[in-house]
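To start, the structure under review is shown below, and the notes come after it.
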Amino acid sequence: MKLFLNKTSPYARMARIVMLEKGLSDQVALCWCDPWGEDEQLLAANPVGRIPVLVTDSGNPLSESMLIAFYLNDLPPGPSLVPENRKEAVLHLAGLGQGLMDASFTMVISRKYLNTEVNDSVLDQRRWRAIDRTLERLEHCIDSYSLAGEITLGDISVAVALEYLGFRLPELNTPDKYPNLEAWRNTITRRSSFTSTTFS
Ligand SMILES: N[C@@H](CCC(=O)N[C@@H](CS)C(=O)NCC(=O)O)C(=O)O
């Protein structure tokens, strides 16, 4: 298999962490690319031009991080990251993580490409509020939805989103505002799948 990725995309990092947690790194070649350039190999694999893309052994390119995560999760050898007996809790967290990623990524990109400043637009303000509400929810629910020692796709999604916030929007100062969530993030991101994939 081949995974198209870069070092700043939260979506690509999520797919890569799933690959690592499933013990699949020997079976996946990493194809570093710039999704904002006109990378011919990436565009051939995904006409939408976004990463991550996973090209399967039979040559099918799969896009969308969550779909890739589910595809990898179904492969041996690692244990399932969506255990049947905790499915709803895992999907709940996975959705919150993905929403957090989308809200923060959209703000970062609009700042970069439209030169908008924070809180410039009605849409930005909606996203700030969405981020705040989601962090507030996670601060209170993370301990009941996440079990220590048994990582899931929900944990990966939320932790990558928090890492991305710290990387790109540190002015939000989430560690101070959400201490419980910060303690959880600190524990989960000690795993080698996180330490070996830091944003840069
Ligand atoms: N919903 C997609 C989002 C993927 C995405 O937006 N990737 C960004 C990098 S973080 C990208 O490749 N952007 C290039 C572009 O939009 O042209 C997913 O979950 O995979």
Side-chain angles (χ1 to χ4, degrees), residues 1-22 24-25 28-56 59-75 81-82 90-116 118 121 123-124 126-128 130-131 134 138 151-170 172 174 189 193-194 196-200:
M1 291 179 277
K2 283 199 301 194
L3 180 66
F4 286 87
L5 75 171
N6 71 4
K7 293 200 169 159
T8 56
S9 164
Y11 305 100
R13 187 173 178 195
M14 187 178 81
R16 192 173 169 206
I17 289 174
V18 168
M19 174 199 88
L20 290 166
E21 290 289 347
K22 287 291 295 184
L24 290 164
S25 50
V28 182
L30 300 182
C31 300
W32 300 101
C33 66
D34 175 10
W36 303 99
E38 298 297 304
D39 187 303
E40 281 179 21
Q41 281 191 42
L42 171 64
L43 295 178
N46 180 13
V48 177
R50 297 198 304 194
I51 55 168
V53 179
L54 180 80
V55 183
T56 67
N60 287 310
L62 312 179
S63 55
E64 295 297 322
S65 52
M66 215 34 109
L67 298 179
I68 294 171
F70 273 89
Y71 179 84
L72 293 174
N73 187 48
D74 280 346
L75 301 177
L81 299 170
V82 189
V90 173
L91 296 185
H92 176 68
L93 282 188
L96 290 180
Q98 194 85 1
L100 209 46
M101 250 180 249
D102 287 348
S104 37
F105 176 69
T106 314
M107 292 195 62
V108 168
I109 290 306
S110 80
R111 275 205 220 173
K112 184 169 174 192
Y113 285 91
L114 305 174
N115 287 324
T116 56
V118 179
S121 69
L123 271 180
D124 269 1
R126 283 188 66 82
R127 287 184 193 115
W128 277 123
I131 291 172
T134 309
L138 285 166
I151 195 163
T152 70
L153 182 56
D155 299 328
I156 295 171
S157 171
V158 171
V160 168
L162 295 176
E163 292 274 282
Y164 188 69
L165 276 171
F167 175 55
R168 289 296 198 208
L169 299 168
L172 275 185
T174 55
T189 57
S193 59
F194 280 84
S196 63
T197 60
T198 47
F199 294 120
S200 60

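Whatever order the structure lists them in is the order used to number ligands and atoms, beginning at 1. For clarity, every value in this text was computed on a predicted model and none was experimentally measured. Every heavy atom of this structure was used, including side-chain atoms; hydrogens, water molecules and symmetry mates were not.
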message: So if I count the atoms of ligand 1 from 1 in the order they appear, which ones are less than 4.0 Å from some heavy atom of Ser9?
response: 9 (C), 10 (S)
- line: From the list Ser65, Ser157, Ser9, side chain to side chain contact (heavy atoms under 4.5 Å, CB included) with Met101 holds only for Ser157
field: Sole residue of Leu138, Leu153, Ile156 in side chain to side chain contact (heavy atoms under 4.5 Å, CB included) with Leu93
entry: Leu138
Just wondering, do [Y] and [X] contact through their side chains at under 4.5 Å, heavy atoms?
| X | Y | answer |
| --- | --- | --- |
| Lys22 | Val28 | no |
| Glu21 | Leu72 | no |
| Thr8 | Phe167 | yes |

Pairs of nitrogen or oxygen atoms closer than 3.5 Å, one from [X] and one from ligand 1: do any exist?
| X | value |
| --- | --- |
| Pro52 | no |
| Trp36 | no |
| Ser65 | yes |

field: Distance from atom 8 (C) of ligand 1 to nearest protein heavy atom, with residue and atom
entry: Phe105 CZ, 3.7 Å
task: For the pair Arg127 (side chain) and Asp102 (backbone), establish whether a donor and an acceptor sit closer than 3.5 Å, ignoring hydrogens and angles.
output: no
- line: Checking heavy-atom distances from atom 12 (O) of ligand 1 to each of Asn46, Val48, Ile51, the winner is Ile51
message: Please compare Met14, Gln98, Glu64 and report which has the shortest non-hydrogen distance to atom 2 (C) of ligand 1.
response: Glu64
